[in-house]
Amino acid sequence: MSALELKSISKTYPGGIEAVKNVSLSVRDGEFLVLVGPSGCGKSTILRMIAGLEDLSTGEVLIGEKDVTEWAPKDRNVAMVFQNYALYPHMTVAQNIGFGLKLRGVSKKKAAVIVEDTARLLGLESELDRRPGELSGGQRQRVALGRAIVRNPEVFLFDEPLSNLDARLRSSVRLEIMKLHKNVGTTMVYVTHDQVEAMTMGDRIVVMNRGEVLQLDTPLNVYNEPATTFVATFIGSPPMNLFAAEIEVRGKSTFQIVDLELRIDLSSQGCFGVGSEPLTSKVKLGIRPEDIQVAENFDTDTNRHYTMAIECVVELVELLGNEVILHLNRKGVMLVVRTLSHNVPLIGSRVFARFLEDRISIFDSVTDKRLFLAKS
């Protein structure tokens, strides 16, 4: 196992197109790190630079404290798994898995043992004599994993390996990769645009956009404390609700007036801003759909710290089995609520909504960066 470090790496293509902008990352020894972001954000380019398939415009790549920036791909001791499997159709499963061993001159007897052990690890022991065309998509991806495993690399690199699979197979192969990491403990870097994969697989996740790293943290921290409005809306389904707001800070008294015509007193939690000077500024208020409570009416007796209730009209109802997504209209402003599917309101009916105040996020309206509370 080896740690991986990227030092201020950048990639600029002809014409001045910046695919990756001054990215620095430290991947711990044995860590499963996920790069997530929309198509074209630079995550696959970073993976290819780690593998040596793309030259760096600036920066360094270190694997196990060795500077491999100028090394050829074959010398870096990394294994890459692609979304298209890249299997040889005329070879059997055993031959595909063992192909790298053959190239390295491993004896047939030793290679056969390694291939059988790897196939057993991946549940492919009964498929060794079959060819890729006779396998399901999930089995082909496991063969591709097996071919990577036998190389015993210092780092595994995964470039959207599940994107060609249907939803059921994605879930199944995702578990296989997580089991693989648990069993072999090798450092893994995984690229995806799927937030579910990122949230469920990564020890830490890197959220990227337009070639830049916006946040690097554990999945729960990224979800609960998004660093920017982009992270807040990219991670989470449905995404975080965002509303235009104004903030007034006087000493340690903080008040919010949002475009829902709702005034929120957050003074009990602390204050925004530095110093004793009053501050009034335009901000964005964010709250996750599950942190909004909806009812036909509310009891005043509650142990949770909610805002006052606001009246809304139900415009759309999405039934998802054990839960429901409600799209509510508050005087032309839409908010989305996730709740359990009990007593589902009718479309067109009026309901009351209230926010759980300690789950509110505040973002600067200019930079879109999160503003943190200074606790009183």
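Computed from a predicted structure; not experimentally measured.
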Exercise. Tell me, with the steps shown, if Glu125 and Arg120 meet salt bridge (charged side-chain N to carboxylate O under 4.0 Å, His left out).
Key: CA-CA 5 Å; Glu125 58 267 45; Arg120 193 176 301 110; 5.5 Å; no
Quiz item: At their closest point, which heavy atom of Val184 faces which heavy atom of Met188, and how far apart are they?
Solution: CG2-CE, 4.0 Å
Quiz item: With a cut-off of 6.0 Å (strictly less than), are more than 12 heavy atoms of other residues, nucleotides or ligands near CG of Asp75?
Solution: yes
Exercise. For Lys369, look at atom NZ and say whether over 12 heavy atoms of other residues, nucleotides or ligands are found less than 6.0 Å away.
Key: no
Quiz item: What is the minimum heavy-atom distance between Met208 and Phe230, and which atoms define it?
Solution: O-CE2, 3.8 Å
Quiz prompt | Main-chain N/O of Ala86 paired with Arg140 side-chain donor or acceptor, under 3.5 Å | solution = no
Exercise. Flag the pair Leu214 / Phe234 as yes when at least one side-chain heavy-atom distance between them is below 4.5 Å, and no otherwise.
Key: no
Quiz prompt | Min side-chain heavy-atom separation Thr192-Met201 under 4.5 Å | solution = no
Exercise. First locate atom CZ of Arg170, then atom CG of Asp166, and finally report the distance between them rounded to the nearest 0.5 Å.
Key: 7.5 Å
Exercise. Output, in order, the C-alpha distance, side-chain angles, deciding distance and verdict of side-chain contact (heavy atoms from CB on, under 4.5 Å) for Val206 and Leu33.
Key: CA-CA 7 Å; Val206 180; Leu33 186 78; 3.9 Å; yes
Quiz item: Pick one: which of Val191, Thr200, Val207, Ile205 meets side-chain contact (heavy atoms from CB on, under 4.5 Å) with Val34?
Solution: Ile205
Exercise. Decide yes or no on side-chain contact (heavy atoms from CB on, under 4.5 Å) for Leu285 and Phe355, but give the supporting numbers first.
Key: CA-CA 11 Å; Leu285 183 149; Phe355 300 171; 4.3 Å; yes
Self-check item: Any donor-acceptor N or O pair under 3.5 Å, side chains Glu54, Tyr13
Solution: yes
Quiz prompt | Side-chain donor-acceptor pair present, Glu318, His327, cut-off under 3.5 Å | solution = yes
Quiz item: Which pair of non-hydrogen atoms, one from Val143 and one from Leu124, has the smallest distance, and what is that distance?
Solution: N-CD1, 3.8 Å
Practice problem: Apply side-chain contact (heavy atoms from CB on, under 4.5 Å) to the pair Leu35 and Leu25, showing each step before the final yes or no. | Solution: CA-CA 11 Å; Leu35 305 182; Leu25 293 173; 4.1 Å; yes
Exercise. State the OG1-CG distance between Thr45 and Leu56, to the nearest 0.5 angstrom.
Key: 11.0 Å
Exercise. Taking the side chain as every heavy atom from C-beta outward, state whether Met49 and Leu6 have any pair of such atoms under 4.5 Å apart.
Key: no
Exercise. Report the C-alpha distance between Leu220 and Glu225 in whole Å, list the side-chain angles of each, state the deciding distance to 0.1 Å, and finish with yes or no for side-chain contact (heavy atoms from CB on, under 4.5 Å).
Key: CA-CA 8 Å; Leu220 277 180; Glu225 296 187 356; over 6 Å; no
Quiz item: Just wondering, are more than 12 heavy atoms of other shown residues or ligands nearer than 6.0 Å to CZ in Arg104?
Solution: yes
Quiz item: Restricting to pairs with a member in residues 203-218, which pass side chain to side chain donor-acceptor pair (under 3.5 Å), not counting sequence neighbours?
Solution: Glu31-Arg204, Asp217-Asn221, Thr218-Asn221
Quiz prompt | Other residues, nucleotides, ligands: >12 heavy atoms within 6.0 Å of Met308 CE | solution = no
Quiz prompt | Heavy atoms of other groups near Asn183 CG, more than 12 under 6.0 Å | solution = yes
Practice problem: Would you check if there is a donor-acceptor pair between the side chains of Asn77 and Arg151 at a distance under 3.5 Å? | Solution: no
Quiz item: Can you tell me how far the CE atom of Met178 sits from the NE2 atom of His181, to the nearest 0.5 Å?
Solution: 10.0 Å
Practice problem: Keeping the roles fixed (side chain from Lys331, backbone from Leu260), state whether a donor-acceptor pair exists under 3.5 Å. | Solution: no
Quiz item: Measuring from Thr92:OG1 to Arg131:CZ, what's the distance to the nearest 0.5 Å?
Solution: 6.5 Å
Quiz item: Should Val81 and Leu121 be counted in the same cluster of Ile, Leu, Val, Met, Phe, Trp and Tyr side chains packed under 4.5 Å apart?
Solution: yes
Quiz item: Shared ILVMFWY cluster between Ile235 and Ile325, side chains joined below 4.5 angstrom?
Solution: no
Quiz item: So, does Arg338 use its side chain to make a donor-acceptor pair with the main chain of Ser237 at under 3.5 Å?
Solution: yes
Quiz item: Are Val283 and Met240 connected in a single hydrophobic cluster, I mean Ile/Leu/Val/Met/Phe/Trp/Tyr linked by side-chain heavy atoms less than 4.5 Å apart?
Solution: no
Quiz item: Nearest heavy-atom pair of Pro226 and Ser361: which atoms, and what distance?
Solution: CD-OG, 4.5 Å
Quiz item: Which value, rounded to the nearest 0.5 Å, describes the distance between Ser365 atom OG and Lys284 atom NZ?
Solution: 7.0 Å
Self-check item: Backbone of Val155 reached by a side-chain donor or acceptor of Thr187 within 3.5 Å
Solution: no
Practice problem: Would you mind reporting whether Arg48 and Met80 have side-chain heavy atoms less than 4.5 Å apart? | Solution: yes
Quiz item: With Ile292, which of Asn241, Leu356, Thr339 fulfils side-chain contact (heavy atoms from CB on, under 4.5 Å)?
Solution: Asn241
Quiz item: Do Phe156 and Ile50 share a hydrophobic cluster (ILVMFWY, side-chain heavy atoms under 4.5 Å, transitive)?
Solution: no
Exercise. Just say parallel, tilted or perpendicular for the rings of Phe32 and Tyr190, cut-offs at 30° and 60°.
Key: tilted
Quiz item: Mind checking what makes side-chain hydrogen bond (donor to acceptor under 3.5 Å, both in side chains) contact with Thr118, not counting sequence neighbours?
Solution: none
Practice problem: With the side chain counted from C-beta on, respond yes when Val317 and Leu326 share a heavy-atom pair under 4.5 Å apart, and no when they do not. | Solution: yes
Exercise. Decide whether Phe158 and Val27 are clustered together by the hydrophobic rule: side chain heavy atoms of Ile, Leu, Val, Met, Phe, Trp, Tyr closer than 4.5 Å, transitively.
Key: no
Quiz prompt | Rounded distance [0.5 Å steps], CD1 in Ile177 versus CD in Glu197 | solution = 7.5 Å
Exercise. Step through the shown structure and confirm whether more than 12 heavy atoms of other residues, nucleotides or ligands are within 6.0 Å of CD on Glu311.
Key: yes
Quiz item: Going by the angle between their ring planes, with limits at 30° and 60°, are Tyr88 and His90 parallel, tilted or perpendicular?
Solution: perpendicular
Quiz item: Where do Cys312 and Ala353 come nearest, in terms of heavy atoms and distance?
Solution: SG-CB, 4.2 Å
Quiz item: Is there a donor-acceptor pair under 3.5 Å between the side chain of Ser24 and the backbone N or O of Ser8?
Solution: yes
Self-check item: Asp67 and Thr69: side chain donor to acceptor below 3.5 Å
Solution: yes
Quiz item: Got Thr228 and Val231 here, is their nearest side-chain heavy-atom distance under 4.5 Å?
Solution: yes
Quiz prompt | Shortest non-hydrogen contact between Ser44 and Asp159, atoms and distance | solution = OG-OD1, 2.8 Å
Practice problem: Check for a donor-acceptor pair, side chain of Gln195 on one end and backbone N or O of Gly236 on the other, with a separation under 3.5 Å. | Solution: yes
Quiz item: With side chains defined as the heavy atoms from C-beta onward, is the minimum distance between Asp194 and Val36 less than 4.5 Å?
Solution: no
